[in-house]
Each structure stands twice: as C-alpha cells, then as structure tokens.
Amino acid sequence: MTATEATVFLVDDDDAVRDALELLLDSVGISTASYPSAAAFLDHYDPGRPGCLVLDIRMPAMSGMELQAALAGESVNIPIIFLSGHGNVPMSAKAFRGGAVDFLEKPFDENVLLERIHEAIRLDRANREATARRTDACTRLATLTRREHEVMLLIVTGHANKEIATKLDLSHRTIETHRGRIMEKTAAQSLTELIEIALASGSHELK
Amino acid sequence: MPNSQPDTLPSPHYGSYALITLLMVAAMLAWQTWITNQNFRGYHQQLAVTSVTGAADELELLITELQRSMRLFAEEQRALLEEIASNADSDAAWTLLENAVSRHYPEYFGLTLTNIAGDVFRPDFDNAVNELCQQDIHSFIDEGYSHAGYIHPNPLGYHFDVMAPWGDAGRPQGVFFLSFPPEILARTLQRIQAPGHALLLLRADKAGLIEATALGTRTELQRGFTLSSDEQQRILHGRAIANSRWDLVDLPDAQLFRNELARNAGYALIVFCAFAAVGLLMLQQLRRKEKRRLQAEEQVLRHQADLAHVDRLNIMGEMASGLAHELNQPLSAISTYCQAGLRIIETLEDKPDKLAHALEHASIQSQRAGQIIRRMRRFTGKGVVRRKPIDINQVITNALGFIESELKRKDIKLDLDLAADLPAAFGDEIQIEQVILNLLHNAIEAMFSASDRPRMLRISSKHSAADTLQVSVHDSGPGLDAATVDSIFDTFYTTRKNGMGLGLAISRSIIEAHGGKLWADTTTPGGATFHFTVSTAEA
Ligand SMILES: Nc1ncnc2c1ncn2[C@@H]1O[C@H](COP(=O)(O)OP(=O)(O)O)[C@@H](O)[C@H]1O
Ligand SMILES: [Mg+2]
C-alpha cells in the first residue's frame, strides 16, 4: 500500500473559477488536477489516486449531477463537493441522495470550502484504508486451504479447539496444527487480529 | 406566449327577433280570422237570401191560390149562397155551406158571408166578426174586391182572412170570406228557415211589428211584439209578399256571428299561444346556450391571463436566475483569488498589511454581492411547485388550443399520438402548459424558417417508465446542430432575431423543479425533437 499524496480534482467549465481554486489550494499546499468538463475528467481520472472531487453542478454537455451518477455506475467512491452557480433545494437534495459530501453556493466562503476539502480527503483516506484492509485480508485468507478456512471460521466464531475437533471429527492435535498454520499464513498476532482480518474480508459466512 | 384570441361574436338580439316573429304571426292570424269571418258572413247572407226568396214565393203562392180558389168556390156554390142570403136563418143551408167549406178548406178557422153593404148575414161566431173584420169587409168592397191579408185577433184567436166576392160576375151580391189559422204560415217558415236563422213575417205598414214566426203568432212568442232596433239592424234580407201586408225577413241568431268570431279568435289565440310558448322556449334555450358560451369564453380568457402571468413571472425568474449564474461565476473567482492572495501573503516574511487588508475586503465585498444576488433570486423565485394531479393529454390539448389557428395559417400538419389511459401526473398545470407552449412555439418558429419542406408537427405522450410520463415534440424544421445543442438551454442563448433565449431555459427550470428532465434529441432525422418527463408519483 503506497501512501500517495491526496489530489483535489476540480471540474468546472468556468476558467477563472478553476484557476482561482487552483491558486487557493496551491497556497495551502494541496495538489490539484483541474478539468474544464466532466468528459475531460473521466478521460484522465485514475480511481487509484486518492483525493476528492470539487464539481460544478451546471455545465454544458454533462452536468455535475450526471457525472456523479456516472461515477456511481462504475462503483467509484470518491467524495464529491458540489459547487453551484445557483442552487435550489430539490437539486441539492438530489445531490446529497447521490452521496455528495457538501453542496456550496457560489460565491462560497473559502474557509468553509477548505474545511470541507480536508474532511473529504480524510473520508477518502478512511475509505481507501478500509478497502485496502479488506483486499489485504482477502488475499491472506485466500492462501488457506479449504479445511483451514473451515477451521478458521469456527475459531473466529468463538469455538474452542476441542469443540472444533468433535464437530469436524478430527483429532485435537490436527486442529492444533491447522490453527498454527492459519496464524502463520494470515500473519495474525492474536485471536483478536484474526477476527479483525476475517471481518475485514467481509466473509459472508460470518453474517 | 398565448396570442390567439377566441372568436368573439356580437351577442345577437334574440329577444327582438322573437318579438318580430311573434308580431308577424299575430298579424297573420288576425288576417286569417278576419277572412274566415267574412266567408262565414257571406255564406249566411246567401243563405238568408235563398230562404227568404223561397219562403216568400211559397207564401205568395198560398195566398194567391186561396184567393183564386175561393172565387171559384163562391161561383160554384152561388145557389147555396143566394139561398142563405134570402133566408139567413136556414140552418140546413148553413150546414150545407159549412160542410162544403170543410171539404175544400179543412184548415179553415171561420166562415163569414155578407151582403153588398157589408152586413153579416149571420155571425159565424158570437161577436166573432169584430170591428177590424168589418173595416176589412168595407175596404174590400170599396176597393174593387181586393184584400191584402194580415193577421189580427178575434176573441178566439189570431187568424188571417181571405175574401172573395159572390154573385154575378159583373155585379157581386156580397162578400164570402174565410179565416185561417196562422199555423199554416208558420209551417212554411219552419220548413224553410236555416239553422241559426229565423224567418219572420212582419207587418209592412207597422214598423217592426211581428206577425208570425216559425213558432207561431206574436202572442205565442216569449218576447215583445216588435223588433228591437238591434234586431232591425241584424236583418240579413227581406222581401214584401204580394197580396198581403207582409214583409218576410231573415233574422240570424244574435249569437251566430258572435260565436263564430269567438271560435275563430279562440283558434287564433291558441295557435298564437303555441307559437309564443315555443318561441319563448327557444329563446330561453338560446339564452342559456349564449350564457354557457360566454362562461366558456370567460374561462378561456382567465386561463390566458393565468398563463401570461406565469409567463411574466417565469421570464423574470429565469432572467434573475441567469443573471445570478453568470455573475456568481466571476464573483466566486474574485473571492477565491483574494483568499488565495491572502494565503500567499501569509507565507511571506515581510507581510504587506495594507495589501492583505485590501484583499480581505475585496473578498468580503464579493461575498456581499453574492448575498444580494441570492436575495434577489429568492424574491423572484418560483417558490414551491404546486402539486396537483393533472391530465397531461388535457394539458397538451389546452396548449394546442392556443396555436390551432397559427398551425392552419402556416400550413402545418399536426400529428397527435397521445397514449390513452395515462395515469395523472403531479405538478402545476399552468407551468407544464407553459413548457409545452414554449416547445410548440420553437417548433413552429423553426419550421417557418425552413420553407422548402412539408411542415409537420408531431406531439406524443406515453408512459415511459414505472412512474414517469414522457411528452415529445417533433418538428420537421432544420433540426439541431450538434455543435450548439449544448447551448440552447442556456439562459439568453438565441439564434432568432427577436428571440430572448429564455424559452428553453425556463422550460428546463420548470421541468427540473418538477423532478423531471427536458432534453433535445439529436438522433431523430429530419428535424428537432424535444422530450420531457413528468412524474406520476405524488411527492
Ligand atoms: N425546434 C427547434 N429547432 C431548431 N432549433 C431550435 C428549436 N428549438 C429551439 N431551437 C434553438 O434554440 C434556441 C433557444 O430557444 P429558446 O430558449 O426557446 O429561445 P428563443 O426561442 O427565444 O430563441 C433558439 O434560438 C433556436 O436556435
Ligand atoms: Mg423559444
């Protein structure tokens, strides 16, 4: 997991607005990537890059709202802050329903915007970490054999070795061996850590 | 914008028309009644002449014949009469005479015989030959043996006399005369008079004195002996009867003409009333129809006023909104530039405080400008959408009502494809109608600019998704340019000389405020197509 620096993606058809925002973010040390249209953004966007999206709601061709929908369609989960030249209630409600972080009316208070951007970046980081943990857990669990997986499920659901042995009709020793292997393969230091890994993987047998 | 006016007719004066018609009917009926009455009168006049002539002829004949036959009788019975003259007391001779008279004149009433001096040989009845008879006898002798008969009384009853001389042809020896009952005359009158008429025998020498009618002599009548002046005037026809003192006249019943007139007038009145009733009913019906028409007209005008009002508000709102959008972009940029500048200054060693102050205040002022715009927008804003169930097809039909005449004038064919049984959409009917009108006006405008191809306007409605209705407006105009299709919804964008560039912007705002979508379809060939959706969900 490489800790790339967060980028704020700016999408606005107004050149001056874009330029001013770049300057502002640059002045507080946030790196930016700006695009004059939703299409340009989609062309260049790499979902692997962490950060957040500052999006003008009304643009020709593809509106901010449509871009939000398009990203959701591709299961891209980047936090979005909407900017609006003239917001109205039903529009902002719809934006929030689509998962927007915030909805600011131009001209906005830059302090508020910066605050929201920081929040959004934090949210994105948390999201990415959760995703990373999950993929990590999944890869670790994927190395287990089928029997080991079976034993692991029983361990994390709180069964003692003895119980597991009876249940699977195996010797106590064999269970001991499986347990050792599982801890080794998943690099779990403790039972608590193993449970965390199992939960992070989102293993559906746990639900 | 609605500009077609419903045709207004000057309200007709139904009342005056009806009155004139009724007056004409009344005049016609009066004339008809008068003619009928005249005919009736003419007919009865004719009838009177015929019956008077017939009866008078008959009575004349009767009297004349009696006079002639009695002269012959006297000649025949001369021997007997002479015997009576010489021996007036001979009962046998009297009886012979009476028998002979009875044979010839069975209806006779009295028999009298005088000498040439007029002295009665033997009164037939006690005192029966009174003074009047005596006078008659003398005048008969004096005037050369002619007698004009009339009815007069004696103690036993009314009668009339017929006289004849007896004796030598050249030298009469006396008068032989018979009295007859007036019933003989009455019978003739009775037989000949027409229904509704009375034939009256009057004394020619005594004005209006009634002698006899079909009912009998004057004494037998339940009335005065003379005709009233009213009756005199009513007489239709009269004629003197020769050899008598009589006039025969025809007197119609007092009621005859009056009844006829009343009956005809009654008919006319009934017909007139029927006409008047039917006329009144029609008038009322017309009035009601007229009232309904006026009400409908008023409703159309009110609807137009609503639309115009909404249109003005929309234009104001959209202009404010467009202006706000346009201004907010540079304001936002200014504010952000200032903030960026301030932050850059923060990083400097030697801080230019005055510059920082200037930037800070520039930023505050741009925020203030933003507030002003926001307030203005709230003031002109459309506010909350009124949500009521609306029949989208009805809204389309209403909108078409405004442009119908324009379509005809500009030779544009209309193709309507409205889905039946659509559920109700929710929203503001006037606003949605405004959107449809904007699209229709644009379509007409576009087709009018391209004069070479046939003009076709297609409007359709359908149930496009679970709770969504879609309306489409297609025209056969020049269509949309892929390069500009993104701009046409922008506020103030127009390619028309007199365009404001607000129609599509307003329409999109309205539809989005309703939670729907409005878009241009560039894929349909041969013109432009615009679609919009409205929700059938009540929310
Ligand atoms: N049916 C259409 N066909 C072709 N062009 C259209 C049509 N409707 C709209 N347009 C284009 O969109 C522009 C904007 O339309 P609109 O917003 O209604 O403003 P306006 O009618 O005042 O020009 C028009 O000037 C025209 O260029
Ligand atoms: Mg227009």
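In what follows, every heavy atom counts, from backbone to side chain, and hydrogens, waters and symmetry copies are set aside. Order of the sequence lines fixes the chain letters, A, B, ..., with proteins taken first and strands second; residue numbering starts at 1 for each chain.
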Any luck finding a side-chain donor-acceptor pair between [X] and [Y] under 3.5 Å?
X      : Y      : answer
A:E105 : B:N328 : no
A:E22  : A:T32  : no
B:R368 : B:Q371 : no

ring-ring contact (aromatic ring centres under 6.0 Å, His included) filter on A:H159, not counting sequence neighbours, yields none
Examine whether an atom of A:L114 lies under 4.5 Å from a heavy atom of chain B, and if so say whether it belongs to the side chain, the backbone or both; otherwise answer neither.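 Contact with chain B is through the side chain of A:L114 alone.
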Checking heavy atoms, do the side chain of A:V17, its backbone, both or neither come under 4.5 Å from chain B?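 Both parts, heavy atoms under 4.5 Å.
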Highest number of heavy-atom pairs under 4.5 Å with chain B: which of A:D15, A:D56, A:N111, A:L113?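 Option with the top pair count is A:N111.
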Greatest number of heavy atom pairs closer than 4.5 Å to chain A - which of B:Q329, B:E346, B:E326: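 Max contact count across the listed options: B:Q329.
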Salt-bridged, A:R18 to A:D14, with N to O below 4.0 Å?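 No, no charged N to carboxylate O under 4.0 Å.
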Given heavy-atom pairs under 4.5 angstrom as the criterion, report whether the side chain, backbone, both or neither of B:S366 touches chain A.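 Contact with chain A: backbone only.
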